[in-house]
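Here's the structure, in C-alpha cells; my notes come after.
In what follows, chains are A, B, ... by sequence order, proteins preceding strands, each numbered from 1. Just so you know, these numbers use all the heavy atoms, side chains as well, and skip hydrogens, waters and symmetry mates.
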Amino acid sequence: MRVWLPAIALVATALAAAPSAASADVRLSTERSVTRWAHANLLSKVRKHPTRRSPSVARLRWRTEDGPPEVYVVLRSRRVRGATWMKIRVPGRPNGRTGWVRRDALGGLHKIHTALTIDRLTLRATLTRRGRVVWSSRVGVGAPGTPTPAGRFWIRERLRGFGGSYGPWAFGTSAYSDQLTGWPGGGVIGIHGTDQPGLIPGRPSHGCVRVPNGAIVRLARLMPIGTPVRIR
Amino acid sequence: MTRSSRLMATMLAALFAAVLASPAYATGSGSTTCGGHARTSGGSGCKAEGTKFHDLDADGKRDSGEPGLAGFRIWADYDNDGVRDSGEPYDDTDASGRYSITGIRPTSSSGARSSTTTTAKKYRLREQRSSGSGTDDWTCSYPNASTSGGFANGAGSGFRCGWGPIDSTASGKDFGNYRKAKITVIKKLVPASDAGRFDLKVDGATVKAAAGDGGSGSVFVKPGAHQVTETAAGGTSLADYEASTDCKTTIGPRTYGPDWVHPGSGDNVVCTITNVRHGKVEIVKQTDPHENGGAAFAFTGFAGAFSLAHGAMKTITHVIPRTTPYTVTESPAAGYRLSALTCNDSDSTGALGTRTASIRVAAGETVRCTFVNTKLVPAIEVVKAGPTRVHHGDTMEFSFAVRSTGNTPLHAVTVTDDRCAPVSAQPVSKTGDDGDALLEDGEVWIYSCSKPVPSHAAGESDPLCNVATATGQDEQDRSVSDTDQHCTDIIHPAIALAKTPDRETAHVGDTITYRFDVTNPGDTGLTVTLSDPRCDAGTLAGPQKVAGDQDDLLEPDEQWRYTCTHVVTAQDPDPLPNTARATGVDEIGGPSGTVEAEDSASVDILQPDPPADPPADPPADPPAASPAPQQQVLGATVQRQVRGSARLRGPSGCVYRPFNAVVSGRLIRRVTYFVDGRRVARRTARSGQTRFTARIRPGALRPGVHRVTARVVFRAGTRPRTLVLSFQRCVPQDPSPRFTG
C-alpha cells in the first residue's frame with residue numbers, strides 16, 4: 001500500500017481489534033471538525049480506566065441541573081477483552097474530568113461538525129463548522145474576581161425565551177465556576193444574551209459569557225447540542 | 001345844652017368823622033374811593049375789585065401761570081351772613097378772573113361801631129358761584145386765616161373765605177380757589193390670573209383692600225404731592241413680584257417721582273400699579289451615561305458662577321420677566337461633549353456651539369434648561385478576515401475592517417499585524433466615508449496585507465494565527481486599540497488506499513472480489529474517486545461508508561469501502577496484478593489540493609484448475625446474518641464457528657413521539673421487548689431475518705426515564721442477551737437556567 005502522507009489509521013486499527021486484548025483507540029472526536037456525543041443509557045459509573053475494576057470518578061446521570069437530558073462528549077473508543085469502552089468528558093467540578101464507560105451505557109452517538117472558541121483575551125467568540133468560521137461576535141466574560149474558567153467544555157443545554165439578563169437564548173455549558181461553588185445549580189457557566197449590551201465587550205459577568213442579543217439569535221441557528229467549547 | 005357844650009360836641013363829631021375818613025383807618029390796600037365816608041344815601045359808594053384765580057397747587061397764593069377764573073360772583077356781604085342778599089352789590093368774574101364791584105354802600109356792619117347813619121358801614125367781600133349757591137367742588141384757598149385782612153371761616157355754607165370787614169374802597173381783593181384732585185389706583189397683575197392680592201394706598205390710607213387684577217380704588221385729595229403705594233395682602237409676598245407704578249393725569253403732563261403723584265387742582269389721576277410675578281429658572285445637569293457622584297461641570301451666567309454634577313439642579317428664583325434673554329453658559333469639560341441643550345419653553349433656546357442657553361422668562365414662568373454631556377468613550381474595532389484554509393505555497397490575503405465603535409471620531413488610525421507586514425498604511429477602501437480624515441461612526445476603513453504561506457519548516461504553527469492591532473486617537477488624543485485574531489488552517493490533504501482481494505489464488509473462470517478501503521490520513525475532507533483497470537466493467541460498487549457519517553466527504557476519521565469483481569480469464573497474466581488508484585480533492589482543489597494513492601494486489605492463477613470452486617468468503621464487515629461463513633485456504637474449505645450478535649438501537653434523550661426500537665444482528669431466533677418490565681412485543685425470526693422492530697409509544701408513559709429491554713435468543717452456540725435502551729419522556733417546558741450570569 002502506498003500512502004502519500006503518514007496515516008493516522010485509527011479507524012483501521014479499531015476494525016482489526018482482537019477480542020481478547022486491548023486494541024488501539026479509535027478517535028471519535030477531534031473537538032474541532034468532528035465531535036460525537038451521547039445521552040446516558042444506563043446510570044453507570046464512570047471509571048478512570050477502561051476496566052471494571054478501575055476506580056470510578058463519577059456516575060452518569062439522566063439530566064442536567066436545569067432538567068434537560070445530560071450530554072456527554074465521546075472522545076475515543078477502545079476494545080478491551082471483547083467489550084467496547086468509550087472515553088467521555090464528564091461534566092462537573094473540577095472542570096476537565098474524563099473517564100471511561102461501557103458502550104452500552106451511552107445512547108446513540110450524535111455527530112456534529114461545529115466548534116466554539118471563546119478568547120478571553122480578545123473578548124471574541126468564534127463558531128466554526130468543519131473548520132470554517134461561520135459566526136463570530138464580541139463577548140463579555142467573567143470579571144477578574146469571578147473569571148470564566150479556561151479549558152475544553154461543551155454545550156449541554158439550549159434554552160430560549162427568558163429575556164431579561166439571559167436575553168433571548170441561553171446555552172448551558174459543562175463549565176463550572178471555580179469561585180461560585182455555592183451558586184444555585186452548582187455554578188454552571190452559561191452563554192447567553194444580555195440586557196446590558198453596553199457592557200460588551202468587557203469583563204462584567206460572574207463567569208458567564210454574554211453575547212449581544214442579535215448575535216446570540218444567530219448563534220442559536222448554528223450551534224447544536226454537543227458543540228465543543230474551547231475557552232482560552 | 002350850653003353854647004360851649006354844643007361847640008364841644010360839634011368839634012368831637014368832626015374829629016371822629018375825620019378819624020374814620022382817614023386812610024389809616026381803612027383795612028387792606030384798597031383806596032378810598034367812596035367820595036368821603038359812605039353814607040346811607042347819596043354819593044357814589046365804595047368800590048372793590050380784584051382777581052379770581054385758579055390756585056392750581058392749592059398753596060394759597062397766586063403763582064405764575066395760575067390763570068384767572070370766570071364764573072364766580074364776588075359780592076359785598078353787608079350783613080356778614082355768608083348769603084348774598086338783595087341789595088348786596090356784586091360782580092361776576094370775567095374770563096381773566098377780574099371783578100369790580102361798585103356802589104358799595106353797606107347798610108349794616110358787624111364792626112364795633114353802632115349802625116348809625118353818620119358812621120361808616122363795613123362790609124365783607126365774599127364769593128359764590130355765578131350760577132348760584134354751592135361750591136361745585138371748589139375750595140377756597142385765598143384769602144385764608146393767615147391772610148392779612150382776610151378770613152377763612154366766615155358765616156354760611158358756601159365758600160367761607162373772604163375779605164373784611166371793609167369800610168372803604170378796596171382793591172387787590174383776590175380770591176384763589178382750587179378743586180380737589182381725584183386719584184384712582186388700579187391694580188394690574190401679570191399674569192392676570194395671578195393669585196396675588198394687594199392693598200392699594202394713597203398717602204398710607206387704603207383705597208382698595210385685597211385688590212386683584214383689575215381692582216381699583218379712588219380718593220379725592222388736595223392738589224400737591226401724594227404717595228401712591230401698595231402692600232401685600234392675604235399671604236402674598238411682594239418679593240415675588242416686580243412692581244411698577246404708572247400714573248396718568250387728565251389735565252396735562254406732570255412729573256411724578258417714584259410712587260409719588262402731584263395732582264393739580266381738579267386733576268384726575270389714574271395710577272396703575274403693575275405687579276409682574278417673578279419667574280424661575282432651573283438649570284439641570286445630566287451626563288450620558290449617568291454618572292452618579294461624577295465630576296461637576298462649571299456654569300456662568302446671570303445667576304453668577306456655579307457648578308453641577310450629574311442629576312443636580314440649580315434653581316434661580318425671583319427672575320424678573322423680560323424679553324431680553326438671560327444666558328447661562330457651561331464651561332468645556334475634558335472628556336465630555338455637550339450633546340444636548342434644551343429648554344422646556346417655546347421661546348428659550350440652547351446653542352451647542354456656544355454652550356449657552358438663552359432663557360426668556362415670562363411672568364410666573366418656570367423655565368428649565370437641561371445640559372446633557374455625553375462622556376466621550378473612544379473605541380475602535382478591527383475585524384480581520386482572510387482564508388480559513390490554505391496549502392503550503394499559497395498566498396494569504398488578509399483584510400482588516402476598522403470601525404469606530406465609540407462615540408467620538410478617531411484619527412491617526414493605524415493597523416499592524418504580528419505575522420503579516422507591512423499592512424497598508426492607508427485604507428485600500430472605505431465605506432460610508434465622508435471624505436475627511438476622521439474615522440467616524442458608520443464608516444469602515446479597509447486595510448490589507450499579503451503573506452505567503454510558510455513552507456514546511458521546524459516551528460511552523462498550524463493553524464497559523466495572526467493578531468491584528470488597530471489603534472486610533474480620539475479628539476483629545478487619547479489612544480484606543482483593538483485586536484482581532486484570525487487563524488488559518490494549513491491543510492494537508494492525504495489519502496490512503498488498501499486493496500484486498502478475496503483470495504490469494506484463483507483459477508481461470510473464478511470471480512475475484514476486490515475490496516478497496518479508502519481512508520484519509522490527512523486533516524481535511526476529500527471528494528474521492530476510485531479507479532481500477534482490473535475491475536470488470538460495471539462491477540465497481542461503493543463507496544460503502546463503514547466508518548463515519550454518510551455525507552459525500554471522506555473525512556479524516558472515516559473509511560470508505562469499494563468493491564469490484566474480476567472473472568479470471570486464460571488471458572490474464574499469472575500472477576494477476578492490478579493497481580487501484582484513489583484520488584481525493586480537498587475543498588480548495590487545484591494541484592496542491594489533489595492527492596492520490598495507489599495500491600496493488602496480486603492473485604496467483606493456479607494451473608491446472610483445482611477440482612472444485614471454493615465458495616467465496618462473505619465480506620468480513622458488516623456482519624451478515626447468512627449461514628456460517630467459510631474461509632478458503634488454498635482451495636480447501638474450513639468451517640468456522642460464528643457467534644450470534646445483537647444490537648438494540650433507538651432514540652435517546654427526550655422522546656415525544658412513537659419510535660421504533662430496532663434489534664439487528666445475526667443468528668437471532670427471537671426477540672422479546674419490554675418497556676419498564678412489561679412485555680410489549682415479541683418477534684420470532686423468519687429465515688435469514690436480521691432486523692427486528694417494535695413500535696414504542698411514549699405518550700402513554702408518565703414523564704421521566706423509561707427503559708426498553710430487548711431479550712434476544714440466538715439460534716445456537718450463543719447465550720441469550722438482554723439489551724437495554726433508555727429514553728426520557730420529557731414534558732415540554734422551559735426550565736429556568738441558574739447560570740452564574
Could you give the distance from [atom1] ([X]) to [atom2] ([Y]), rounded to the nearest 0.5 Å?
X      : Y      : atom1 : atom2 : value
A/L43  : B/S726 : CG    : OG    : 7.5 Å
A/E65  : B/R738 : CD    : CZ    : 7.5 Å
A/N41  : B/R707 : CG    : CZ    : 7.5 Å
A/E70  : B/Q728 : CD    : CD    : 10.0 Å
A/D119 : B/D484 : CG    : CG    : 9.5 Å

### Query
So what's closer than 4.5 Å to chain A heavy atoms on B/R389: side chain, backbone, both or neither?
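B/R389 touches chain A through side-chain heavy atoms alone.
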### Task
Below 4.5 Å from any heavy atom of chain A, which atoms of B/V467 appear? Answer side chain, backbone, both or neither.
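Looking at B/V467, nothing touches chain A.
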### Query
If you look at every heavy atom in B/S652 and A/G108, which pair is closest and at what distance?
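B/S652 and A/G108 have their closest heavy atoms at OG-N, 4.1 Å.
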### Nearest heavy atoms of B/V382 and A/R124, plus distance in Å
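Looking at all heavy atoms of both residues, the shortest contact is O-NH2, 4.4 Å.
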### Message
Is there a side-chain contact between B/F739 and A/D66 in this structure, where contact means two heavy atoms from C-beta onward sitting under 4.5 Å apart?
### Response
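Yes; the side chains approach each other to less than 4.5 Å.
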### Task
Can you tell which part of A/E157 gets under 4.5 Å to a heavy atom of chain B, answering side chain, backbone, both or neither?
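When you check distances to chain B, only side chain atoms of A/E157 fall under 4.5 Å.
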### Message
Heavy-atom cut-off 4.5 Å, strictly under: side chain, backbone, both or neither for A/R103 against chain B?
### Response
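For A/R103, the contact with chain B is made by the side chain alone.
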### Message
Tell me which one of A/T146, A/V188, A/L180 satisfies side-chain contact (heavy atoms from CB on, under 4.5 Å) with B/T740.
### Response
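For B/T740, the side-chain contact (heavy atoms from CB on, under 4.5 Å) test succeeds with only one of A/T146, A/V188, A/L180, which is A/L180.
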### Task
Go through B/Q485, B/R647, B/R649, B/E587 and name the one with the most non-hydrogen pairs under 4.5 angstrom from chain A.
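When all of B/Q485, B/R647, B/R649, B/E587 are compared, B/E587 has the most.
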### Most contacts with chain A, counted as non-hydrogen pairs under 4.5 angstrom, among B/T524, B/L648, B/D482
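Top count of heavy-atom pairs under 4.5 Å with chain A: B/D482.
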Top contributor to chain B interface from [options] [non-hydrogen pairs under 4.5 Å]:
options                        : result
A/L28, A/D104, A/V34           : A/V34
A/R210, A/H110, A/R130, A/H192 : A/R130
A/S177, A/S136, A/G131         : A/G131

### Task
Decide yes or no on side-chain contact (heavy atoms from CB on, under 4.5 Å) for A/R138 and B/T405, but give the supporting numbers first.
CA-CA 12 Å; A/R138 308 303 294 266; B/T405 56; over 6 Å; no
### Task
Output, in order, the C-alpha distance, side-chain angles, deciding distance and verdict of side-chain contact (heavy atoms from CB on, under 4.5 Å) for B/V705 and A/R63.
CA-CA 10 Å; B/V705 178; A/R63 299 187 183 91; 4.3 Å; yes
